[in-house]
Every structure is written in structure tokens, then in C-alpha cells.
Amino acid sequence: TLLGNALNNSLSAEGENGFFLLEEVPAGAVRVWAGQEEWLWSSTERLELAPGGQVNGIELVLEPLAPEDTIRLVVLDPAGAPLPRAEVQYHYELHGQSGTGDTRADENGRFKQFLDVRASYSFLASDPEKRYRPAAAHDVPPGTHDLVLQLGVKRTFRLRVEDCKE
């Protein structure tokens, strides 16, 4: 059993004043995490829970996200309308570490990247139905909340190959 308190500046957490009780937790090494939308997650150090044991006095303090902890963007189609569920790929590199990922924008074409590392990110947005050309943005700094990725009209062309021996 794990007994403790998860607090933030508004004192809104699971239970009265952030109090929590976790029962039937398997014995062994455990960690307790707490978080909520627009707040940084908090965790305990590794805790050892004996069979049938109880750990009391766990306290997790949540901090609000700073503007530099996110990058927000919207994906638009060529006509300027939000593109629901657009595919979004992202990448960052900083001092010998890097990260990549892919996800989808929401139904309004909006996406919020929570930054694992406060670094500049690159983004590539594309249409899941492949109707439009992708749009990219590079070196987007932390705290950017108005990035617009507008997809382009797909260009088509014909290629004719002829034998030059004739």
C-alpha cells in the first residue's frame, strides 16, 4: 500500500487535498508518478515495497508548465483550413543527444509538443490521405506557440523516356 499526497498550486488532485491511497501494489521496486494536463509530471525516487508492506508520507509536488516547455502548431491544408488528424513528425538534437517521434494533430489540426529537452525542434506535417505536399519548419525554438504549417498543392508531371539510339 502506498499512501501520500500530490499537490499543485490549485490543490486539485485525486481525492481531498491531493491525498491518494494505492492498494494491491505488487511488492518490489516501485515509483509513484503524478501529473495533470498543463503541469510537469513529478515522481518519487525508487521505493522498495515489502510484501504486505506500506509506504507512508509520499509527497509529489506538481509545477505548472513554463511557456518554454512546449511548442504549439497548427496544420493547414492548401486553402488555409485546419487539417484534422494531420501527421506530424518531429526531431531535435542538442549536445550529443537527440530525439524523434511521430504523432497526429487533433481534429482541429492543432498539435502541442511537450519538450523532453528545451531545444530547437524540426517538424514535418503531412496529409494522412497523401493529397497535399508536406510542410516543414526547422530550428523552431522552445516556447513557440503560433507555428503554422501549411501544406502545398501536390504537383504532378509526366515523364517520357525515349531510347536515344534511334
Side-chain angles (χ1 to χ4, degrees), residues 2 6 8-10 12-14 20 22 25-26 28-48 60-166:
L2 302 173
N8 63 31
N9 290 342
S10 67
S12 63
E14 196 67 35
F20 63 86
L22 303 173
V25 176
V30 297
R31 248 181 232 273
V32 179
W33 291 79
Q36 66 183 39
E37 194 165 331
E38 300 299 323
W39 292 75
L40 293 172
W41 282 76
S42 178
S43 69
T44 65
E45 296 297 320
R46 178 181 157 151
L47 304 171
E48 288 295 329
L60 298 167
V61 178
L62 304 181
E63 298 290 331
L65 286 173
E68 299 80 27
D69 291 327
T70 59
I71 294 175
R72 298 171 195 252
L73 61 87
V74 62
V75 181
L76 305 178
D77 69 15
L83 184 65
R85 310 294 299 151
E87 296 173 346
V88 178
Q89 297 174 350
Y90 56 89
H91 171 83
Y92 72 87
E93 289 184 22
L94 180 69
H95 307 298
Q97 89 183 75
S98 64
T100 62
D102 59 87
T103 188
R104 290 190 182 261
D106 68 13
E107 294 302 320
N108 298 310
R110 298 195 172 279
F111 172 68
K112 176 173 37 180
Q113 175 67 42
F114 295 99
L115 305 184
D116 296 326
V117 174
R118 284 189 185 169
S120 293
Y121 276 62
S122 294
F123 294 93
L124 178 68
S126 58
D127 175 19
E129 297 178 27
K130 310 296 184 223
R131 298 168 294 181
Y132 313 119
R133 283 186 301 125
H138 302 284
D139 301 319
V140 180
T144 299
H145 294 152
D146 57 357
L147 179 62
V148 176
L149 294 175
Q150 186 163 6
L151 306 184
V153 175
K154 205 173 221 183
R155 297 181 190 155
T156 59
F157 61 92
R158 291 182 184 204
L159 177 64
R160 188 170 111 187
V161 178
E162 296 182 7
D163 187 350
C164 63
K165 293 182 182 179
E166 290 183 17

Item to check | Nearest heavy atoms of Arg104 and Phe111, plus distance in Å | outcome: O-CD1, 4.1 Å
Checklist outcome for this item: Looking only at heavy atoms, the pair that brings Ser42 and Leu62 closest together is CB-CD2, 3.7 Å
Item to check | For the student: nearest non-hydrogen atoms of Tyr90 and Asp102, plus distance | outcome: CE2-N, 3.9 Å
Checklist entry - Is any side-chain heavy atom of Leu83 closer than 4.5 Å to a side-chain heavy atom of Arg131? => result yes
Item to check | Whether over 12 other heavy atoms sit under 6.0 Å from Arg72 CZ | outcome: yes
Item to check | Exercise: identify the closest heavy-atom pair between Leu151 and Ser126 | outcome: CD1-C, 4.0 Å
Next on the checklist: Regarding Glu129 and Arg85, does a basic nitrogen lie under 4.0 Å from an acidic carboxylate oxygen?
Outcome noted: no
Next on the checklist: Is any side-chain heavy atom of Leu115 closer than 4.5 Å to one of Val117?
Outcome noted: no
Checklist entry - Would you say the side chain of Phe114 lies within less than 4.5 Å of the side chain of Leu65, judging by non-hydrogen atoms? => result yes
Next on the checklist: Any non-hydrogen side-chain atom of Tyr92 less than 4.5 Å from a side-chain atom of Gln97?
Outcome noted: yes
Checklist outcome for this item: Residues Ile71 and Pro142: closest non-hydrogen pair is CG1-CA, 4.1 Å
Checklist entry - Between the side chains of His91 and Glu93, does any donor sit under 3.5 Å from an acceptor? => result yes
Checklist outcome for this item: Scanning both residues in full, the closest heavy-atom pair of Lys130 with Glu87 reads NZ-OE1, 3.3 Å
Checklist entry - For Asp77, does its backbone N or O pair with a side-chain atom of Gln150 as donor and acceptor, under 3.5 Å? => result yes
Next on the checklist: If you define the side chain from C-beta out and look only at heavy atoms, does anything of Val148 sit under 4.5 Å from Leu76?
Outcome noted: yes
Item to check | N/O donor-acceptor pair under 3.5 Å between Asn108 side chain and Arg110 backbone | outcome: no
Checklist entry - Would the number of heavy atoms belonging to other residues, nucleotides or ligands and lying under 6.0 Å from NE2 of His145 be above 12? => result yes
